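Everything numeric here is computed off the predicted structure, so don't read it as measured data. Order of the sequence lines sets the chain letters (A, B, ...), proteins ahead of strands, with each chain counted from 1.
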There are 4 protein chains.
Amino acid sequence: MNPQKTFENLPDEKRQRILSEATREFADHGYHQASINTIVNKLGIAKGSLFKYFGNKQGLFEYLFGDAISQFKQPLKAIRDTDSGDFFQRIEKSFLASGAFTQSHPHLYRIYLKMLFNENFPLREKFLTEIRRAHDKFLRQLVEDGIASGQLRKDLDIDITVFTIHSIFDRFLQSHTVPTLDHGVGPSGQSLEDLAQAMTDLLRHGLTESPN
Amino acid sequence: MNPQKTFENLPDEKRQRILSEATREFADHGYHQASINTIVNKLGIAKGSLFKYFGNKQGLFEYLFGDAISQFKQPLKAIRDTDSGDFFQRIEKSFLASGAFTQSHPHLYRIYLKMLFNENFPLREKFLTEIRRAHDKFLRQLVEDGIASGQLRKDLDIDITVFTIHSIFDRFLQSHTVPTLDHGVGPSGQSLEDLAQAMTDLLRHGLTESPN
Amino acid sequence: MNPQKTFENLPDEKRQRILSEATREFADHGYHQASINTIVNKLGIAKGSLFKYFGNKQGLFEYLFGDAISQFKQPLKAIRDTDSGDFFQRIEKSFLASGAFTQSHPHLYRIYLKMLFNENFPLREKFLTEIRRAHDKFLRQLVEDGIASGQLRKDLDIDITVFTIHSIFDRFLQSHTVPTLDHGVGPSGQSLEDLAQAMTDLLRHGLTESPN
Amino acid sequence: MNPQKTFENLPDEKRQRILSEATREFADHGYHQASINTIVNKLGIAKGSLFKYFGNKQGLFEYLFGDAISQFKQPLKAIRDTDSGDFFQRIEKSFLASGAFTQSHPHLYRIYLKMLFNENFPLREKFLTEIRRAHDKFLRQLVEDGIASGQLRKDLDIDITVFTIHSIFDRFLQSHTVPTLDHGVGPSGQSLEDLAQAMTDLLRHGLTESPN
DNA sequence: TATGAATGAGAGTTCATTCAT
DNA sequence: GATGAATGAACTCTCATTCAT
């Protein structure tokens with residue numbers, strides 16, 4: 001029988017405990033340095049069980065992160081399907097929604113960040129491309145809508161604009177998720193909401209006024 | 001005798017070869033996946049020698065990266081000491097100078113990126129704080145100069161502004177250093193110079209116009 | 001209740017399928033490398049069932065091979081009960097009958113060959129002795145009949161003769177059962193019948209005397 | 001540095017102990033069932049050392065058996081280079097020389113026998129072909145010499161003859177090397193020398209012609 | 001009776017570190 | 001000072017066996 005099925009037939013609580021513990025281990029140590037031994041010891045289950053469920057270490061990681069990817073995308077979809085035509089309102093909502101997600105799933109987000117700069121994660125190309133594409137597609141549509149509706153300057157370079165928003169987006173998320181990165185500098189003392197609004201304002205003025 | 005002294009008494013060329021090879025290994029594989037075996041084999045020196053020089057793997061890394069930190073800071077100092085009063089000109093110069101540095105020291109920059117999101121690097125806190133502080137101090141001074149000279153809006157939140165410029169800065173560097181991160185989206189096809197100018201323009205409009 | 005009884009109460013077809021699949025697995029991989037997992041997966045039955053039937057891996061093997069031993073002996077009995085008095089005709093018939101058996105039960109014969117030189121098979125001593133004794137008893141009677149009837153030299157050493165015939169017998173069987181053992185040398189291209197006749201002739205005349 | 005070199009630089013005594021212990025383990029348990037743990041524990045050396053010497057389990061086996069192959073061939077070469085023209089004398093010498101070899105290297109010979117009937121040995125094809133070819137080439141030359149010099153019948157089928165001698169050869173060796181295969185039947189009680197002579201005589205005269 | 005999830009000892013393998021030469 | 005052989009803890013992974021359902 002499909003062994004992954006075995007895992008999915010487990011009681012919900014146990015399944016969540018396993019995924020959660022494994023996620024934490026990968027978040028703390030990255031892929032190669034994460035230890036199956038540590039995971040099963042903390043969980044109090046047999047080593048063999050984990051391998052029954054996922055085949056091998058890579059299988060566990062792929063299951064766990066593939067699962068996370070779809071959750072990553074949820075907030076964005078919700079925003080895009082909003083019928084509000086206001087560009088900056090949607091941007092701000094996006095900031096907040098993504099921030100909320102990374103704050104409630106800090107381990108997943110830390111895995112993502114590790115993966116970004118560590119070439120050794122399995123399926124790294126596939127996963128990163130998937131995330132990147134989703135983000136870009138989402139932002140591009142927002143920008144195009146904004147230009148079409150006259151809220152943004154007609155002469156904006158869409159590539160650059162998407163790239164810039166994306167950059168600020170990323171940094172915004174990072175600053176509120178990875179605690180040890182804040183060393184008393186930067187605006188991290190402020191609330192998520194304040195920061196989101198301030199950044200939206202900054203974008204507002206950069207993107208709307210025509211240059212002389 | 002202080003064993004690190006042993007290393008510093010080595011012929012310059014040998015010292016450079018060792019640091020260079022070790023840097024490449026850490027850049028390629030991160031800290032834990034980097035292999036002392038690989039390094040000494042490529043160098044053709046005895047394993048024991050490396051441990052004599054640096055005590056252990058961590059000692060090697062700390063020596064190597066501590067050495068690099070000062071180089072990291074060079075481009076910024078050069079800009080700050082420029083007497084040009086034009087804010088956006090200095091920003092653009094900073095983009096270009098940092099871009100030039102990361103392009104000429106790709107291994108160091110890749111170590112930095114890995115370290116950013118991997119908690120397992122030795123002395124990570126210390127090193128990152130040092131880099132971050134230098135950057136922030138530099139940008140803060142630029143922004144304050146810009147406001148004082150009337151080139152920037154008086155009502156700018158300095159923390160947010162520094163943070164935002166820093167974000168775009170980082171993303172700008174990443175996009176020109178980590179090749180596999182570009183998946184056909186984003187403005188990566190453009191030249192370093194074009195991109196620097198475009199981002200500066202975007203900042204110019206976001207930071208100068210007063211809101212209504 | 002005797003758990004092996006459970007197995008014998010199974011429908012004939014299922015019992016045969018189980019024995020057949022297990023035999024194939026042991027023939028392919030020997031005793032220790034044979035995998036209970038593989039067997040039950042191919043059969044589509046529960047792992048626990050197999051252990052209920054046979055207690056453990058060794059029990060399965062002993063049941064299966066003990067069952068086979070009696071089949072091994074069949075061809076020899078048939079020859080011995082032939083009343084033909086011609087020694088070499090009976091030898092040739094034996095060659096052919098055994099060859100036919102190993103060709104129709106290749107898995108059993110491969111298990112036998114593996115067992116011959118692998119001390120780790122369970123009940124190896126018992127099984128091999130049983131097979132060897134049956135063969136020797138059969139050949140010894142043929143040789144004694146041959147001497148008594150004047151077809152063989154009176155001064156033959158019976159032990160040596162039986163041993164020699166046995167040797168050629170074994171080699172003959174092996175050459176037609178284990179395909180990968182022939183590497184372009186030896187007479188393997190010939191048919192079973194041709195080979196049987198040639199070897200019988202060789203036994204008849206030896207290497208020096210010219211045939212009439 | 002070439003790690004196998006490390007092994008070859010070891011003191012002779014240690015090298016022999018390692019090879020001997022490993023050979024015994026493979027002889028006792030075959031390839032897959034042989035345990036590196038057992039070997040290093042019996043030797044009292046670190047597990048890592050064995051892997052330094054040979055890379056992995058397969059490397060150990062290949063080194064060990066490849067080394068043995070050349071030793072296997074030595075006795076045959078010695079016979080072939082003998083200028084004695086007497087066919088049966090050379091055959092008898094071959095029996096004795098090979099018997100002496102397998103008796104003084106019983107573990108190697110047991111590995112060979114296991115390999116013959118177990119498909120899972122690494123490099124099995126290569127090793128077996130090498131041994132088989134050497135034997136066949138040797139016997140073929142003896143038979144051809146025997147026919148040319150008139151000692152053997154002109155009409156002998158060389159393939160069949162070589163095959164038959166080979167068969168008796170193999171069985172002869174087996175009977176004197178694998179102790180547990182003798183179950184009170186067969187001529188194993190006799191000395192190596194007696195058996196060799198008896199089999200040579202049998203080959204000389206066949207089973208029917210009375211000796212003069 | 002039949003099931004298949006859980007187990008855990010043991011497998012092969014890696015690698016930073018030590019230390020006698 | 002330089003060497004590299006030796007170490008052993010830790011790693012991922014396997015599989016016969018058990019037992020609650």
Closest nucleotide of DNA chain E for A:Ser49 versus for B:Ala34: which of these residues is on the 5' side?
->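 Result of the comparison: A:Ser49.
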Earlier contact from the 5' end, DNA chain F, for C:Gln33 and C:Gly48 =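 This one resolves to C:Gln33.
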A:His32 or D:Ile45: which one's nearest nucleotide on DNA chain F is closer to the 5' end?
->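 The residue closer to the strand's 5' end, by nearest nucleotide, is D:Ile45.
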For atom [atom1] of [X] and atom [atom2] of [N], their distance in whole Å:
{"X": "D:Leu60", "N": "E:dT13", "atom1": "CG", "atom2": "P", "value": "10 Å"}
{"X": "D:Lys14", "N": "F:dT7", "atom1": "NZ", "atom2": "P", "value": "6 Å"}
{"X": "D:His29", "N": "E:dG10", "atom1": "NE2", "atom2": "C1'", "value": "14 Å"}
{"X": "B:Gln58", "N": "E:dT17", "atom1": "CD", "atom2": "C1'", "value": "14 Å"}
{"X": "D:Ile39", "N": "F:dG8", "atom1": "CD1", "atom2": "C1'", "value": "18 Å"}
{"X": "C:Leu50", "N": "F:dC15", "atom1": "CG", "atom2": "P", "value": "16 Å"}
{"X": "D:Leu43", "N": "F:dA5", "atom1": "CG", "atom2": "P", "value": "18 Å"}
{"X": "A:Glu25", "N": "F:dA10", "atom1": "CD", "atom2": "C1'", "value": "13 Å"}

Is the Lys NZ or Arg CZ of D:Lys57 less than 6.0 Å from the centre of D:Phe26's six-membered ring, within 45° of the axis?
->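 So D:Lys57 doesn't make the cation-pi contact.
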Between F:dG1 and B:Tyr53, is there an OP1 or OP2 to side-chain N/O distance shorter than 4.0 Å?
->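 For B:Tyr53, the contact criterion (side-chain N or O under 4.0 Å from OP1 or OP2 of F:dG1) is not met.
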A:Asn37 side chain near F:dA10 phosphate (N/O to OP1/OP2, under 4.0 Å) =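 No, because none of the side-chain N or O atoms of A:Asn37 sits under 4.0 Å from OP1 or OP2 of F:dA10.
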From [options], pick the nucleotide closest to the side chain of [X]?
{"X": "C:Ala46", "options": "E:dG4, F:dT3, F:dT17", "result": "E:dG4"}
{"X": "A:Ser35", "options": "E:dA11, F:dC11, F:dC13", "result": "F:dC11"}
{"X": "A:Leu10", "options": "F:dG1, E:dA5, E:dA2", "result": "E:dA5"}
{"X": "B:Ile36", "options": "E:dA16, F:dA6, E:dT3", "result": "E:dA16"}
{"X": "A:Lys57", "options": "F:dT3, E:dA6, F:dT12", "result": "F:dT12"}
{"X": "C:Lys52", "options": "F:dT3, E:dT3, F:dA6", "result": "E:dT3"}
{"X": "C:Phe51", "options": "F:dC13, F:dA16, F:dT3", "result": "F:dA16"}

Distance-only donor-acceptor test (3.5 Å): side chain D:Lys47, base E:dT13 =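 Under the 3.5 Å cut-off, the side chain and the base do form a donor-acceptor pair.
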Nucleotide forming a Watson-Crick or wobble pair with E:dA20, both distances under 3.5 Å |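 In the structure as shown, E:dA20 has F:dT3 as its Watson-Crick or wobble partner.
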Check whether any side-chain heavy atom of C:Phe7 sits under 4.5 Å from a side-chain heavy atom of C:Leu19, and report yes or no.
->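 When only atoms from C-beta onward are counted, C:Leu19 and C:Phe7 do touch, with a gap below 4.5 Å.
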Residue that, paired with B:Lys47, satisfies side-chain contact (heavy atoms from CB on, under 4.5 Å) out of B:Ile39, B:Asn37, B:Asn41 |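 That would be B:Asn37.
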Qualifying residues under salt bridge (Lys or Arg N to Asp or Glu O under 4.0 Å), relative to A:Arg15, sequence neighbours excluded =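 A:Arg15 satisfies salt bridge (Lys or Arg N to Asp or Glu O under 4.0 Å) with A:Asp12 once adjacent residues are dropped.
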Plane angle bin for C:Tyr31 and C:Phe121 - parallel if under 30°, tilted between 30 and 60°, otherwise perpendicular |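 Ring orientation, 0 to 90° scale: tilted.
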Please determine if C:Glu21 and C:Arg24 form a salt bridge, counting it only when a charged side-chain N lies under 4.0 Å from a carboxylate O.
->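 So C:Glu21 pairs with C:Arg24 through a salt bridge.
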